[in-house]
Novice: 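Just passing along the structure, written as structure tokens.
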Amino acid sequence: MPKGPRKFIFSFTKSGLTRYAGLMLFHQFCKSIGLRNYLQMYVRWPDYHYRNFHPADIFLTHLFSIVAGIGRVENTQSLYHNGLIPPLLGFTDFPHRDTLREFLRRYDATHLKSLQSAHDTLRSKLFHHLHLGYTAIVDTDTTPLTVFGRQQEAAAGYNPKYHGKHSYSPIIASEGTMGLSLGIILRPGNFHSSAGALDFLKQVLHKLPSSIAATRIRLRLDGGFYDKDIIHFLDEEGYGYVIAAKRTRPLRKQIVTARYHRFAPGWEVASFSYTPFHWDQSHRFIAIRRPVEAESETQQKLFTFKRYTYHNTLVTNLTLTPEAIYRSYRKRALQELLIRELKDSYYMSKIPSRMFYANAAYMEIILWAYDLVLAFQYLCLPPQHQHWNIHTLRRELWWLPAEWVKRDNRNMLLLPEKYHYEKLFTKIQKTISKLKPIF
């Protein structure tokens with residue numbers, strides 16, 4: 001059996017070593033689209049007096065730390081001795097974690113609104129570059145963000161994982177076709193899903209390209225948005241929608257007495273009209289059921305009556321067949337996957353501060369990071385690799401050991417031998433070099 005090396009001599013002399021060599025591609029992408037110049041010119045930053053760093057530099061430090069997978073703000077100190085990331089961002093000295101956190105604490109409602117407006121401009125540019133101009137799908141959902149301290153505005157509410165713990169309850173919206181985010185609003189954890197949801201939806205719909213008619217926009221919402229005012233607004237403005245309905249006792253009677261037909265093995269669907277209490281007019285409802293013997297223990301269900309188990313109940317104004325509406329609504333599960341990715345891979349669940357607007361600003365920075373990574377996927381990766389998520393991008397591209405050296409006034413990045421994505425790396429770099437500024 002061959003023996004490995006047994007004795008080592010340690011020397012702390014190298015200055016250009018990094019484990020994030022592939023992040024240079026993402027930096028080149030941000031540089032090509034003109035991100036830093038846009039941030040410096042068109043965002044109203046909080047007032048602070050750090051001599052060595054422009055506010056846009058602090059913002060980009062947060063952004064790149066999130067994209068690199070550093071995690072909590074205090075973990076950014078691991079980049080202090082990195083041989084590539086600080087000079088890549090133009091720093092001679094990497095910002096201290098207290099500097100990064102203090103930058104967030106300076107935020108108030110005015111500065112947060114400025115950052116959100118700048119993000120809306122970025123979205124409008126990306127909509128054009130990603131060719132989203134004729135139809136759109138809006139997915140919206142809420143999720144609890146548990147806090148383990150005394151954060152402002154945090155309160156005890158619906159929290160299935162940590163019962164009784166204080167939390168925030170943000171509403172997150174995204175475009176279901178391309179996956180771009182459409183906004184986030186941070187709320188106390190004891191807020192109901194529909195609290196402030198109508199105003200939020202109006203803002204979200206306003207962010208979509210003006211070339212998309214209201215009749216070409218569809219919304220897929222969960223039961224927290226089953227609200228008379230929301231549905232009345234969508235009907236009045238001509239938006240299509242599919243919303244999970246609350247199972248009131250009168251609605252249950254309609255569900256179990258409706259006429260069903262089979263549309264898949266073990267699945268039946270019904271369509272019926274019903275006027276909920278205090279509503280002005282009847283609406284179309286879709287109900288799904290299965291025979292009890294076809295159920296599994298792990299499958300989510302609503303209630304059982306006689307020989308059938310009843311699953312989703314949806315309210316809609318679409319004229320599609322009942323089974324088509326159900327299949328369309330099932331794709332809303334992508335929004336739940338997005339929220340899981342934001343919480344686990346973009347560290348949305350790692351609340352950085354006790355101050356409400358600091359946390360709201362950090363949530364907005366996370367959405368910036370998410371949208372820019374998504375744009376990088378669509379604009380820079382070959383079609384066969386565009387499905388890569390942030391985990392795969394980090395593992396296969398960004399977490400790449402290298403040494404940065406200068407030879408004859410040329411910057412050289414010495415990458416590992418036998419790197420299996422060498423051709424892909426080179427192809428991405430060539431694609432980025434051809435990109436034009438979008439701002």
Side-chain angles (χ1 to χ4, degrees), residues 4-5 7-40 51-54 56-70 75-96 99-100 369 372-373 375-377 379-382 385 388 390 392-439:
K7 295 182 179 180
F8 292 89
I9 298 175
F10 299 97
S11 174
F12 299 89
T13 57
K14 287 289 185 178
S15 60
L17 301 180
T18 182
R19 60 165 295 194
Y20 301 106
L23 206 60
M24 180 269 297
L25 294 175
F26 184 73
H27 176 266
Q28 286 186 335
F29 165 73
C30 294
K31 185 177 181 180
S32 296
I33 65 175
L35 179 62
R36 181 191 291 270
N37 181 66
Y38 174 70
L39 293 171
Q40 291 175 338
R51 293 171 293 176
N52 298 331
F53 306 104
H54 189 277
D57 294 332
I58 304 297
F59 174 88
L60 288 173
T61 303
H62 279 291
L63 181 72
F64 274 79
S65 299
I66 293 168
V67 172
I70 299 299
N75 296 342
T76 56
Q77 292 306 108
S78 63
L79 297 177
Y80 184 84
H81 301 290
N82 192 281
L84 178 67
I85 300 302
L88 199 65
L89 294 174
F91 302 155
T92 56
D93 189 19
F94 195 79
H96 192 270
T99 301
L100 298 175
L372 288 169
V373 170
F376 175 85
Q377 292 173 250
L379 298 178
C380 303
L381 295 183
H385 296 102
W388 282 5
I390 187 71
T392 309
L393 286 169
R394 287 171 181 161
R395 184 182 68 247
E396 304 295 351
L397 283 180
W398 295 340
W399 289 350
L400 189 61
E403 181 181 1
W404 171 46
V405 298
K406 288 187 176 183
R407 291 179 184 172
D408 301 326
N409 292 326
R410 298 175 63 187
N411 292 311
M412 298 186 65
L413 207 57
L414 306 181
L415 300 170
E417 187 180 7
K418 298 181 181 179
Y419 174 50
H420 57 289
Y421 282 117
E422 179 180 347
K423 293 182 179 179
L424 175 63
F425 195 97
T426 305
K427 187 174 183 179
I428 294 173
Q429 190 177 24
K430 290 181 179 178
T431 303
I432 293 174
S433 64
K434 298 177 183 178
L435 289 178
K436 297 180 180 180
I438 66 175
F439 297 107

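Everything numeric here is computed off the predicted structure, so don't read it as measured data. Numbers for residues simply follow the sequence, beginning at 1.
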Novice: Minimum heavy-atom separation for P382 to K427, with atom names?
Specialist: CG-CD, 4.0 Å

Novice: How many angstroms lie between SG in C380 and NZ in K430, if you round to the nearest 0.5 Å?
Specialist: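 Atom-to-atom, C380:SG and K430:NZ are 15.0 Å apart.
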
Novice: Near E422 CD, under 6.0 Å, is it more than 12 heavy atoms from other residues, nucleotides or ligands?
Specialist: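 At most 12 heavy atoms, drawn from other residues, nucleotides or ligands, come within 6.0 Å of this atom.
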
Novice: Examine distances only and state if a side-chain atom of D57 and a backbone atom of H54 form a donor-acceptor pair shorter than 3.5 Å.
Specialist: yes

Novice: Roughly how far, to the nearest 0.5 Å, is CG of L23 from CG of L84?
Specialist: 8.0 Å

Novice: Please enumerate all residues that pass salt bridge (charged side-chain N to carboxylate O under 4.0 Å, His left out) together with R19, with sequence neighbours excluded.
Specialist: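 Result, salt bridge (charged side-chain N to carboxylate O under 4.0 Å, His left out) vs R19: none returned.
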
Novice: Test your reading of the model: is there a side-chain donor-acceptor pair from W399 to the backbone of A68, 3.5 Å cut-off?
Specialist: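 Answer holds: yes.
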
Novice: Are L393 and L381 packed together at the side-chain level, in the sense that at least one heavy-atom pair is separated by less than 4.5 angstrom?
Specialist: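 Yes, at least one pair of side-chain atoms sits under 4.5 Å.
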
Novice: Give the intermediate values and the outcome of side-chain contact (heavy atoms from CB on, under 4.5 Å) for residues W404 and T18.
Specialist: CA-CA 8 Å; W404 171 46; T18 182; 5.9 Å; no

Novice: Using 0.5 Å steps for rounding, measure from the CE atom of M24 to the CD1 atom of I432.
Specialist: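 Here the rounded value is 8.0 Å.
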
Novice: Checking ring-ring contact (aromatic ring centres under 6.0 Å, His included) between W388 and each of Y421, F376, W398, which is the one that passes?
Specialist: Y421

Novice: Give the minimum heavy-atom separation between P95 and Q77, together with the two atoms involved.
Specialist: O-OE1, 3.4 Å

Novice: For the atom pair CG (L79) and OH (Y20), what is the distance rounded to the nearest 0.5 Å?
Specialist: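 So the CG of L79 and the OH of Y20 are separated by 6.0 Å.
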
Novice: Among I66, T99, L100, exactly one meets side-chain contact (heavy atoms from CB on, under 4.5 Å) together with T76. Which residue is that?
Specialist: L100

Novice: Drop me the distance from L372's CG to L379's CG, to the nearest 0.5 angstrom.
Specialist: 10.5 Å

Novice: Among residues at least two apart in sequence or on other chains, which ones pass side chain to side chain donor-acceptor pair (under 3.5 Å) with E396?
Specialist: H420

Novice: Identify the two heavy atoms, one from F425 and one from G22, that lie closest to each other, and give their separation to 0.1 Å.
Specialist: CE1-CA, 3.9 Å

Novice: Measuring only between side-chain heavy atoms, which start at C-beta, is L60 closer than 4.5 Å to F91?
Specialist: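 Contact flag for L60/F91 side chains = no.
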
Novice: List the atom of Q40, the atom of A56, and the distance in Å for their closest heavy-atom pair.
Specialist: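 For Q40 versus A56, the nearest heavy atoms are CG-CB, 3.8 Å.
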
Novice: Looking at every heavy atom in both P416 and P401, which two are closest together, and how far apart are they?
Specialist: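 It is CD-O, 3.2 Å.
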
Novice: R36 and L89: which non-hydrogen atoms are nearest, and at how many Å?
Specialist: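 For R36 and L89, the tightest heavy-atom pair comes out as NH2-O, 2.9 Å.
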
Novice: Indicate yes or no: at least one non-hydrogen side-chain atom of T61 is less than 4.5 angstrom from one of F94.
Specialist: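 Yes, close enough: below the 4.5 Å cut-off.
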
Novice: Between F26 and V373, is a side-chain contact (heavy atoms from CB on, under 4.5 Å) present by the stated rule, with each step listed?
Specialist: CA-CA 8 Å; F26 184 73; V373 170; 4.1 Å; yes

Novice: Just how far is it from atom CE of M412 to atom CD of E403, taken to the nearest 0.5 Å?
Specialist: 10.5 Å

Novice: May I ask you to check whether over 12 heavy atoms, not counting those of F439, lie within 6.0 Å of atom CZ?
Specialist: yes

